[in-house]
There are 2 protein chains.
Amino acid sequence: MRLTEKRIAAALREHGYKLTPQRRVVIGAIAASPDHLTPADLYQKAHQDHPTIGLTTIYRTLEILARLELICELHAGGSCRSYTIGAPEHHHHIICSVCGEVVDFSGYDISPLEKRLSRETGFEIEGHLLEFIGRCQNCQQNA
Amino acid sequence: MRLTEKRIAAALREHGYKLTPQRRVVIGAIAASPDHLTPADLYQKAHQDHPTIGLTTIYRTLEILARLELICELHAGGSCRSYTIGAPEHHHHIICSVCGEVVDFSGYDISPLEKRLSRETGFEIEGHLLEFIGRCQNCQQNA
DNA sequence: TGTGTAAATGATAATCCTTTTCATTTAGAG
DNA sequence: CTCTAAATGAAAAGGATTATCATTTACACA
Ligand SMILES: [Mn+2]
Ligand SMILES: [Mn+2]
Ligand SMILES: [Zn+2]
Ligand SMILES: [Zn+2]
């Protein structure tokens, strides 16, 4: 089940945002597609209903909607990466949203889930990404 | 425990890659730091030991090392995103590495892990990212 | 139903990050 | 030592995202 256009518009208003034609169009475009769309995809679609809309407005609208959790943001493969030396044991990460500190954790086996998904979806799983975002102890105190 | 510089160099050779001074320097820089470093960070560090190294070489080296799982790649917050309409129930994603198809899945509760991590690390967890990468049924056949 | 104002918009430019290209250099097998 | 495929790096190209700022507009309230 997915949120409706109307529901999202109402939520925007409730949070004090103005309901502009541009925002309606962006929301409409997201709601109308079952797929995950990039900002550029959405610009193209929104442009059809509102030819003067600016790409900047697309970005700004998406940021708000994602922050309010009215849309679902997906991390596609692309850029935004950093690296550290490999560890023989598989592990995952917790990242501090304030200072950027990265803490490894291990001992969590995700393969049961992987097997279930493989069976249910027919995907041949190649890898996964499991990361937590939060505030480290330091950053909680300095707040 | 982390892989050693020597171990990584050997693995590179085993996979048929040449062991160039530039690659040594990049490996040395990663091994020397406990942190997750961006390509730009690594360029800066590598540049100290090898002033003529090119940024292109940094990228190329990282790609190889990551593919061989000799270094650990982290998805930082940045760019590379796409969006879809929100769903009232929390869910996660499986993404086809070939065609890009995204399949949602739900019914997996990550909060026990979240609680454990919060207790063990002192982090106040704000969110998480759980995604699987694999090949969808279609793409397995057309291969 | 006007009016005023803070919020929103969009053209443009500025940043970043990453990949491509291609001429030159080099690791390392033989 | 020679030879060659692999690797390199300067430069340019390509993309995506963010910043700026003058202009427009939604909508609270008179
Ligand atoms: Mn790590
Ligand atoms: Mn989704
Ligand atoms: Zn922190
Ligand atoms: Zn596919």
Side-chain angles (χ1 to χ4, degrees), chain A residues 6 8-29 36-68 70-71 73-83 100, chain B residues 6 8-29 36-68 70-71 73-83 100:
Chain A
K6 183 184 275 187
I8 291 176
L12 260 194
R13 295 297 320 277
E14 279 162 27
H15 285 272
Y17 293 98
K18 292 183 180 175
L19 196 49
T20 67
Q22 289 90 340
R23 286 175 180 167
R24 283 177 191 281
V25 166
V26 172
I27 294 168
H36 281 254
L37 304 170
T38 63
D41 293 337
L42 284 165
Y43 177 58
Q44 200 198 327
K45 285 180 189 295
H47 196 265
Q48 290 168 14
D49 286 347
H50 197 299
T52 66
I53 198 169
L55 183 54
T56 316
T57 296
I58 303 289
Y59 277 101
R60 285 190 284 228
T61 303
L62 291 174
E63 200 215 310
I64 293 167
L65 294 174
R67 187 151 27 80
L68 299 182
L70 300 171
I71 59 177
E73 182 174 321
L74 171 73
H75 250 248
S79 44
C80 63
R81 36 193 168 181
S82 64
Y83 300 89
Chain B
K6 183 184 276 187
I8 292 176
L12 259 194
R13 295 298 321 276
E14 279 161 27
H15 286 271
Y17 292 99
K18 291 184 178 174
L19 196 50
T20 67
Q22 290 91 338
R23 286 175 179 168
R24 285 177 190 282
V25 166
V26 172
I27 294 168
H36 281 255
L37 303 170
T38 64
D41 292 337
L42 284 164
Y43 177 59
Q44 198 198 328
K45 285 181 189 296
H47 196 264
Q48 290 168 15
D49 285 348
H50 196 299
T52 67
I53 197 170
L55 182 55
T56 315
T57 297
I58 304 288
Y59 278 101
R60 284 190 285 229
T61 304
L62 291 174
E63 201 215 309
I64 294 166
L65 294 175
R67 186 153 27 79
L68 300 181
L70 299 171
I71 59 177
E73 181 174 322
L74 172 73
H75 251 248
S79 42
C80 63
R81 35 193 168 182
S82 64
Y83 300 89

**Q** Calculate the interatomic distance between B/His50 atom NE2 and C/dA27 atom C1'; express it in whole Å.
**A** 13 Å

**Q** When you measure from the side-chain N and O atoms of B/Arg60 to the phosphate of C/dT18, is any distance below 4.0 Å, counting only OP1 and OP2?
**A** no

**Q** Provide, to the nearest angstrom, the distance between the CG atom belonging to B/Leu55 and the P atom belonging to C/dC17.
**A** 10 Å

**Q** Figure out the CG/P separation between B/Leu62 and D/dT8, and round it to whole Å.
**A** 12 Å

**Q** Using whole Å, what does the distance between atom P of nucleotide D/dT8 and atom CD1 of B/Ile64 come to?
**A** 7 Å

**Q** Between B/Arg23 and B/Tyr43, which has a closest nucleotide on DNA chain D that is more 5'?
**A** B/Arg23

**Q** Nearest 0.5 angstrom please: B/His47 NE2 to B/Ile58 CD1, how far?
**A** 9.5 Å

**Q** With respect to the side chain of B/Thr56, which nucleotide from C/dT21, D/dA7, C/dT9 is positioned closest?
**A** C/dT21

**Q** Less than 4.5 Å apart, any side-chain heavy atom of B/Leu12 and any of B/Ile27?
**A** yes

**Q** Would you indicate whether the side-chain heavy atoms of A/Val26 and A/Arg24 approach each other to under 4.5 Å?
**A** no

**Q** Rounded to whole angstrom units, what separation is found between the CD atom of B/Glu63 and the C1' atom of C/dT20?
**A** 13 Å

**Q** Heavy-atom distance under 4.5 Å between the side chains of B/Arg23 and B/Lys18, does that happen here?
**A** yes

**Q** When the axes are fitted on five pairs at both termini, how much does the helix from C/dT1-D/dA30 to C/dG30-D/dC1 curve, in 10° steps?
**A** 40°

**Q** Are any of the side-chain heavy atoms of B/His15 and B/Ile64 separated by less than 4.5 Å?
**A** no

**Q** Taking atom P of C/dT26 as reference, at what distance in whole Å does atom CD1 of B/Ile53 sit?
**A** 14 Å

**Q** Can you tell me how far apart OH (A/Tyr43) and CG (A/Leu37) are? Round to the nearest 0.5 Å.
**A** 16.0 Å

**Q** Can you give one letter per nucleotide of nucleotides 23-30 of chain D, going 5' to 3': B for a protein heavy atom under 4.0 Å from the base, S for sugar-phosphate only, - for none?
**A** ---BSS--

**Q** Just wondering, do B/Leu62 and B/Arg60 contact through their side chains at under 4.5 Å, heavy atoms?
**A** no

**Q** Do the side chains of A/Thr57 and A/Thr20 get nearer than 4.5 Å, heavy atoms only?
**A** no

**Q** Can you tell me how far C1' of C/dC16 sits from OH of A/Tyr59, to the nearest Å?
**A** 12 Å

**Q** How long is the straight-line distance from CD of B/Glu14 back to CG of B/Leu68, given to the nearest 0.5 Å?
**A** 10.0 Å

**Q** Round to a whole Å and report the spacing from CD1 of A/Ile58 to P of D/dT18.
**A** 14 Å

